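Note that the structure is predicted; figures quoted are calculated from it, not measured.
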Amino acid sequence: MTPKAIANRIKAKGLQRLRWYCQMCQKQCRDENGFKCHLTSEGHLRQMQIFGENPDKFVDEFSQEFEKDFLEHMKTCHRTTRVQANYVYNEYIKDRHHVHMNSTKWLTLTDFVKHLGRTGKCFAEETPKGWFIKLTPAVADPRLLTSEKEKLKRKRLEEADEIRHEKELRAQIERANASQQAQPPDKVEATELERKNGEKIVLGIQPTTKTNRKTNPLGTSILFNNEEEEEEEIPSDAPVNHKERLGSTAVHEADRSSDVRMQGVPRPWICPGIVVKVVSKSLKELGYYKKKGKILKVIDSYIAEIEMLDSGDIVRVDQQELETVIPQVGGKVLLVKGSMMGYRAELQGLETDKYKAKVCVLHGDLAGKEALVEYEDLSKLA
């Protein structure tokens with residue numbers, strides 16, 4: 001390399017005058033004479049001919065590139081700080097190959113800062129010392145904007161579910177009212193009591209059986225066996241036929257279990273050690289609605305004493321106001337319904353189109369068995 005070439009490289013090193021830079025050719029001239037020679041060169045005239053065919057397109061592209069690089073520099077060096085705009089611009093133009101402002105649609109830095117403020121990408125403030133800017137949270141960290149969108153979407157879905165549930169309840173009430181109006185009660189007219197020749201009056205009253213129910217603190221009633229049920233008295237002197245008594249007791253229990261099934265009472269599935277979700281809207285004001293908790297103990301088969309996971313509070317909730325919780329794939333679950341009820345298993349996958357879960361039993365005579373079960377047939381182990 002000749003000494004003249006080395007001298008030219010030293011002179012070209014660093015920043016030069018902005019007015020002697022050609023953005024279309026991306027060429028920096030060292031003096032006014034060199035810039036005039038460049039303007040008359042064949043290459044520059046060819047580039048200007050291309051620019052003249054669609055000037056707005058090139059100006060918009062240069063403006064977008066300048067704004068993108070400027071904001072990227074802000075994210076790198078001044079993500080959360082309030083800084084003077086002129087100071088950031090001086091840092092930005094240290095790169096020799098940056099997009100120059102004289103090729104954009106903004107004539108001055110003030111116009112560019114006002115544009116950032118109008119578009120919501122920066123907080124712009126004019127002070128006696130000049131313009132100060134600060135990135136908005138959405139630009140500084142786009143993940144915050146994504147999480148806010150997800151929260152808003154989830155909230156809208158919950159509101160839509162509640163509205164749909166209310167519409168279904170109103171439709172059921174309207175159908176019930178319409179059926180009652182379509183079948184008016186039969187009118188019974190009062191008549192005088194007539195007796196012939198001192199005839200005796202007989203009342204035909206049928207004895208009714210009472211069903212013992214136990215009411216929990218939340219107002220829901222639960223069927224249970226009455227241990228203090230009156231038994232038929234048998235004289236001590238009479239012989240006792242144990243087979244006959246056992247047979248009658250079995251028939252009585254079968255009849256009572258069939259009565260329970262006919263009344264539509266669900267079987268108990270809650271048990272200590274599993275994680276459940278509270279879906280009782282009556283507990284929404286207390287902050288327990290759609291919160292998860294661990295069952296500590298079960299009272300009368302249908303009442304769960306739960307320790308809330310987030311607050312540690314102890315509450316008692318009826319089984320009808322609880323839902324099972326599905327863990328992540330690989331988590332341990334307890335089968336609470338179905339033919340494999342009571343077995344511990346590992347969740348291996350979910351088939352969302354069938355609303356079923358694939359599990360593998362971990363213990364007992366069914367250890368290693370894989371099966372597909374409904375979502376509500378399993379719950380996460382604490």
Would the distance check show the side chain of Thr136 and the main-chain N or O of Gly120 forming a donor-acceptor pair, the cut-off being under 3.5 Å? yes

Would a 4.5 Å heavy-atom cut-off, applied to side chains only, mark Lys114 and Trp131 as touching? yes

So with a 6.0 Å cut-off around CD of Glu159, is the heavy-atom count from everything else above 12? yes

Test log, rule side-chain contact (heavy atoms from CB on, under 4.5 Å), inputs Thr352 and Tyr375: CA-CA 10 Å; Thr352 55; Tyr375 285 168; 4.0 Å; yes

Modelled atom types, side-chain donor and acceptor of Thr108 and Thr110, under 3.5 Å: no

Can you confirm whether Lys94 sits close enough to Asn90 that some side-chain heavy atom of one is under 4.5 Å from a side-chain heavy atom of the other? no

How far apart are the closest heavy atoms of Met340 and Val361, and which atoms are they? SD-CG2, 4.0 Å

Backbone of Arg267 reached by a side-chain donor or acceptor of Gln319 within 3.5 Å: yes

Closest non-hydrogen contact found for Ala357 with Leu350 is CB-CD2, 3.7 Å

For a quick test of reading the model, state the closest non-hydrogen atom pair linking Leu347 to Gln328 and the distance between them. CD2-O, 3.7 Å

Indicate the atoms forming the closest heavy-atom contact of Gln84 with Phe132, along with that distance. N-CD2, 3.5 Å

Flag yes if more than 12 heavy atoms outside Arg156 fall under 6.0 Å of its CZ atom; otherwise flag no. no

State yes or no: do Met101 and Leu71 share one hydrophobic cluster built from I, L, V, M, F, W and Y residues joined by side-chain heavy-atom distances below 4.5 Å, directly or via other members? yes

Are Lys291 and Leu309 packed together at the side-chain level, in the sense that at least one heavy-atom pair is separated by less than 4.5 angstrom? no

Are any non-hydrogen side-chain atoms of Cys122 and Val113 less than 4.5 angstrom apart? no

Examine distances only and state if a side-chain atom of Ser379 and a backbone atom of Val275 form a donor-acceptor pair shorter than 3.5 Å. yes

Hey, could you give me the CD/SG distance between Glu72 and Cys77, rounded to the nearest 0.5 Å? 10.0 Å

Going hydrophobic residue to hydrophobic residue with side-chain gaps under 4.5 angstrom, can you get from Val99 over to Val59? yes

In this structure, CD1 of Ile314 is separated from CD of Glu305 (nearest 0.5 Å) by 6.0 Å

Please lay out, stage by stage, how Arg164 and Asp161 fare under the test salt bridge (charged side-chain N to carboxylate O under 4.0 Å, His left out). CA-CA 5 Å; Arg164 184 169 60 253; Asp161 292 340; 2.6 Å; yes

Verify, without hydrogens or angle tests, whether Glu346 (side chain) and Leu362 (backbone) share a donor-acceptor contact under 3.5 angstrom. no

Can you tell me if Glu125 uses its side chain to pair, donor with acceptor, with the backbone of Lys134 under 3.5 Å? no

Nearest-0.5 Å distance, CH2 of residue Trp269 to CG of residue Leu335: 13.0 Å

Which heavy atom of Lys356 sits nearest a heavy atom of Leu372, and at what distance? CD-CB, 4.3 Å

Evaluate the side-chain proximity of Glu67 to Gln64: yes if any heavy-atom separation is below 4.5 Å, no if none is. no

Closest approach of Ser301 to Pro268 (non-hydrogen atoms, all atoms of both residues): O-CB, 3.2 Å

List the steps, then state whether side-chain contact (heavy atoms from CB on, under 4.5 Å) holds for Ile274 with Leu381. CA-CA 4 Å; Ile274 63 173; Leu381 278 171; 4.1 Å; yes

Any chain of hydrophobic side-chain contacts (each under 4.5 Å) joining Val279 to Val325? no

Under 3.5 Å: donor-acceptor pair, side chain of His363, backbone of Arg344: yes

Is the closest side-chain heavy-atom distance between Val317 and Ile303 below 4.5 Å? no

From the options Leu116, Asp69, Thr81, Ile133, select the one residue that forms a side-chain contact (heavy atoms from CB on, under 4.5 Å) with Met74. Ile133

dist Cys37:SG -> Glu32:CD (nearest 0.5 Å) comes out at 11.0 Å

Determine, step by step, whether Glu370 and Lys358 satisfy the salt bridge (charged side-chain N to carboxylate O under 4.0 Å, His left out) criterion, reporting the C-alpha distance in whole Å, the side-chain angles of both residues, the deciding distance to 0.1 Å, and the verdict. CA-CA 7 Å; Glu370 297 182 355; Lys358 184 178 181 181; 3.7 Å; yes

Applying the 4.5 Å side-chain criterion to the ILVMFWY set and letting contacts propagate, would Val83 and Ile93 be lumped into a single cluster? yes

So how far is it from His100 NE2 to Cys22 SG, rounded to the nearest 0.5 Å? 10.5 Å

Around atom NZ of Lys281, are there more than 12 heavy atoms from other residues, nucleotides or ligands closer than 6.0 Å? yes

Parallel, tilted or perpendicular: rings of Phe58 and Phe51 (30°, 60°): tilted

Please check if Val359 and Tyr343 belong to a single hydrophobic cluster, counting links between Ile, Leu, Val, Met, Phe, Trp and Tyr side chain heavy atoms closer than 4.5 Å. yes

Does a salt bridge link Lys284 with Glu162, judged by any charged N lying under 4.0 Å from a carboxylate O? yes

Run Tyr87 and His78 through side-chain contact (heavy atoms from CB on, under 4.5 Å) and show every step you take. CA-CA 11 Å; Tyr87 178 76; His78 312 285; 4.1 Å; yes

One should read off an interatomic distance between Arg46 CZ and Ser41 OG, to the nearest 0.5 angstrom, of 8.5 Å

Start with the C-alpha gap between Ile306 and Leu322, add the side-chain angles, then the distance that decides, and say whether side-chain contact (heavy atoms from CB on, under 4.5 Å) holds. CA-CA 10 Å; Ile306 304 173; Leu322 297 175; 3.6 Å; yes

State yes or no: are the ring centers of Phe112 and Phe70 separated by less than 6.0 Å? yes

